[in-house]
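Quantities reported herein were computed from a predicted structural model and do not represent experimental measurements.
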Amino acid sequence: MFSTSDTIVAIATPPGRGGIGVVRISGSDAERIAATLTGRSTPLDPRHATFAKFATNDQVVVTLFPGPHSYTGETVAEISAHGSPVVLNSIVRASVDAGARMAEPGEFTLRAYLNNKIDLIQAEAVADLIDAVTPLQARAAFDQLEGTLTKAIGEIERDLFDVIAKLEASLDFPDEGYHFVAPREARTSLAGIIARIDDLLAQSSRGRLVREGAQVAIVGAPNVGKSSLFNALLNTNRAIVTAIPGTTRDLLTERADIGGLSLSLVDTAGVRDTVDVVEQEGVSRARDTLRVADLVIVVLDRSQPLTTEDRHVLETTANQRRVVVRNKADLPASATSISGVDVSAKTGEGVEELIDAIAAALNASEPLRDSPQITNMRHAALLDRARASIDRAVSALEGEVPEEFPLLDLQEAAHALQEITGQRTSNDLLHHIFERFCIGK
Ligand SMILES: Nc1nc2c(ncn2[C@@H]2O[C@H](COP(=O)(O)OP(=O)(O)OP(=O)(O)O)[C@@H](O)[C@H]2O)c(=O)[nH]1
Ligand SMILES: [Mg+2]
């Protein structure tokens, strides 16, 4: 997968027809292949759009980006043509005939990484940016592409290396004991590093919600208006609503962009004891969903006194992240001491407040601007590992053991940090990261 000596080609624009389409060629032969395709004898002007003819069937615009000043760091030729799959495919085929190879998914970005144009965090951010469905996701990916996280990790790494270097120096001169750094001083530096890692990790659950979206389950007793609320939040008539308790019998899931977050909203069957086998299965699915959801919306019917089923749902969700909705606010309220957001799924009253409450419960109301965000599980896991290693080093330093012990732990921590930015990687990891890219990126 990682051959970089050859020249690669792919259609860079989405499949299907469009106003224009772009074929991208990268590698040492890119200029020659572009010249062959367009039958030009004069050299292409770098970074100038040049009008040309491709074969007999299209007019194209060719732009040459000589390496290293290109996306991949190699010489890149971009050929813009009319956005027809037939035309674009024939350009790709002609490039292959002229010596190029079809690119694998993400191979252009992989080359950018291997040529040190970007680090691994930024490469992953490229994929996130392309996959983003909400503005908040795009913003978080863009910040990472700009290097805010790279910079934060780099600073942590630098301080860590400082401690490592001092401990190593002490090791080289054993007779002097802890000559280059006192254990107490090393511990103080490490505590500072741990605090900064913790800051980053504290953002990570929020960041992951932004990147991956949250599962939000709407639960409650039968007939309280769960499906009506589901429809109101989605602005559709997706779920069936009737006055008969037990209407919803299966899970209904829809993706929604609510308060800038990408949510997966799940309508569930009303929780109650029932003899109906289909409904029983629905209730059991509702219970499963409730357990794995990032947030539950517990719906109560405000116009009725609390029922045993309501109490049961409130008890089972007591330890979960939840928002309680007192629905049917358009009807006279029955006396109840349960607090919650008053909503009428019927009239739409209170739905805006509910959306705010959902965003607040997911701790995501404030878009964090320009601060480094951990949105990626891989990064969070490696930071966790680095933190655990530094913790061990701190304990070792407290025991005043030989420097070898804390040093080994600190080196492990440094390796974990280097894996985040991609200074240390394995082929497996690279393969895993780049296979989720689209072809042509
Ligand atoms: N007045 C009023 N009626 C509502 C409101 N929300 C729902 N209803 C009515 O309550 C009944 C039940 O609504 P659904 O949305 O089907 O309730 P559900 O909780 O999904 O019910 P199950 O799927 O059977 O568990 C229907 O007759 C709705 O029209 C509301 O805000 N105000
Ligand atoms: Mg329902």
_Using the rule given for salt bridge (charged side-chain N to carboxylate O under 4.0 Å, His left out), can you reason through Asp250 versus Arg285, listing the C-alpha separation, both sets of side-chain angles and the distance that settles it, and then say yes or no?_
CA-CA 7 Å; Asp250 203 349; Arg285 288 180 188 196; 3.0 Å; yes
Open item on the list: Checking the side chain of Asp267 only, and the main-chain atoms of Leu252 only, is there a donor and an acceptor separated by less than 3.5 Å?
Closed with: no
Rounded to the nearest 0.5 Å, the CD1 atom of Ile118 sits from the CD atom of Glu124 at a distance of 10.0 Å
Looking only at heavy atoms, the pair that brings Val163 and Ser189 closest together is CG2-CB, 3.7 Å
Note to self: Using only atom types and a distance under 3.5 Å, with no angle test, would you say the side chain of Thr253 pairs donor to acceptor with the backbone of Val266?
What the structure shows: no
- Do the charged groups of Asp97 and Arg93 touch, with an N to O distance under 4.0 Å? no
Is a side-chain donor or acceptor of Gln320 paired with a backbone partner of Leu290 at a separation under 3.5 angstrom?
yes
Do Ile240 and Thr248 touch side chain to side chain, with heavy atoms closer than 4.5 Å? no
Between Lys151 and Glu146 (side chain of the first, backbone of the second, donor and acceptor by atom type, cut-off under 3.5 Å), is there such a pair? no
| Is there a side chain to side chain contact (heavy atoms under 4.5 Å, CB included) between Leu397 and Leu190 once you walk through the steps? | CA-CA 10 Å; Leu397 283 166; Leu190 293 176; 3.7 Å; yes
* To do: Check the pair Asp45 / Leu64 against side chain to side chain contact (heavy atoms under 4.5 Å, CB included), numbers first and verdict last.
  => CA-CA 7 Å; Asp45 230 359; Leu64 187 73; over 6 Å; no
Do Ser262 and Arg255 pair up side chain to side chain, a donor and an acceptor below 3.5 Å, judged on atom types alone? yes
Open item on the list: Tell me if a side-chain donor or acceptor on Asp58 pairs with a main-chain N or O of His82 at a distance below 3.5 Å.
Closed with: yes
Take Leu417 and Leu383 through the test side chain to side chain contact (heavy atoms under 4.5 Å, CB included) and record every step on the way to the result.
-> CA-CA 7 Å; Leu417 295 178; Leu383 270 180; 3.9 Å; yes
Between the CG atom in Leu229 and the CD1 atom in Ile218, the distance rounded to the nearest 0.5 Å is 5.0 Å
Please check if the number of heavy atoms outside Gln423 that lie under 6.0 Å from its CD is greater than 12. yes
### Task
Evaluate the criterion side chain to side chain contact (heavy atoms under 4.5 Å, CB included) for residue pair Thr13 and Leu88; output intermediate values, then yes/no.
CA-CA 10 Å; Thr13 37; Leu88 297 175; 4.2 Å; yes
Here the pair of heavy atoms bringing Ala81 nearest to Val87 is CB-CG1, 3.9 Å
Applying ring pair (Phe, Tyr, Trp, His ring centres under 6.0 Å) to Phe65 and not counting sequence neighbours gives none
In this structure, OG of Ser227 is separated from CZ of Arg238 (nearest 0.5 Å) by 11.0 Å
Correct closest heavy-atom pair for Phe230 and Ala239 would be CD2-CB, 3.7 Å
Taking C-beta and beyond as the side chain, do His431 and Glu104 meet within less than 4.5 Å on heavy atoms?
no
Can any side-chain N or O of Asp119 pair as donor or acceptor with the backbone N or O of Ile121 at less than 3.5 Å?
-> yes
Discussion item. For Ala98, is there any backbone N or O sitting under 3.5 Å from a side-chain donor or acceptor partner on Arg32?
Written reply: yes
Distance col, row Arg392:CZ vs Leu410:CG, nearest 0.5 angstrom, shows 10.0 Å
**Item:** Sidechain-backbone polar pair: Ser80 side chain, Val22 backbone, donor-acceptor under 3.5 Å
**Value:** no
Check your understanding: Does the distance from a Lys or Arg side-chain N to an Asp or Glu carboxylate O, for Asp6 and Arg111, drop under 4.0 Å?
Key -> yes
Exercise. Does Lys117 reach the side chain of Tyr71, with side-chain heavy atoms less than 4.5 Å apart?
Worked result: no
Applying side-chain contact (heavy atoms from CB on, under 4.5 Å) to Ser95 and not counting sequence neighbours gives Val9, Ile25, Ile33, Leu37, Ile91, Ala100
Those residues at least two apart in sequence (or on a different chain) that pass side-chain contact (heavy atoms from CB on, under 4.5 Å) with Glu353 are Val341
The reported gap from CG in Leu167 to CG in Asp162 (rounded to nearest 0.5 angstrom) is 10.0 Å
Practice prompt. Test salt bridge (charged side-chain N to carboxylate O under 4.0 Å, His left out) on Asp288 and Arg291 and set out the steps.
Written response: CA-CA 5 Å; Asp288 292 343; Arg291 270 194 295 276; 2.7 Å; yes
Scanning both residues in full, the closest heavy-atom pair of Ala34 with Leu44 reads CB-CD1, 4.2 Å
Q) Without hydrogens or angle criteria, can the side chains of Thr289 and Thr268 be said to hold a donor-acceptor pair below 3.5 Å? A) no
- Query: Step by step, would you call Asp391 with Arg387 a salt bridge (charged side-chain N to carboxylate O under 4.0 Å, His left out)?
  - Reply: CA-CA 6 Å; Asp391 256 348; Arg387 192 196 186 289; 2.6 Å; yes
Q) Can you tell if the side chain of Ile390 reaches within under 4.5 Å of the side chain of Ile194, non-hydrogen atoms only? A) yes
Do Arg378 side-chain atoms and Glu419 backbone N/O form a donor-acceptor pair below 3.5 Å?
yes
Any donor and acceptor pair, going by atom type alone, linking the side chain of Tyr113 with main-chain N or O of Gly422 inside 3.5 Å? yes
* Asked: Can you find a heavy atom in the side chain of Ser28 that is under 4.5 Å from one in the side chain of Thr75?
  -> no
Exercise for the section: Start with the C-alpha distance between Arg24 and Glu78, add both sets of side-chain angles, then the distance that settles salt bridge (charged side-chain N to carboxylate O under 4.0 Å, His left out), and finish with yes or no. Expected result: CA-CA 5 Å; Arg24 185 142 66 169; Glu78 284 185 2; 3.7 Å; yes
Report task. State, yes or no, whether a side-chain contact exists between Leu110 and Ile433 at a heavy-atom distance under 4.5 Å. Result -> no
Is Ile11 close to Asn89 at the side-chain level, that is, under 4.5 Å between some pair of heavy atoms? yes
Residues Ile164 and Ala414: closest non-hydrogen pair is CD1-CB, 4.2 Å
When every non-hydrogen atom of Lys441 is compared with those of Val126, the smallest separation belongs to CE-CG1, 3.7 Å
Distance col, row Leu263:CG vs Leu233:CG, nearest 0.5 angstrom, shows 9.0 Å
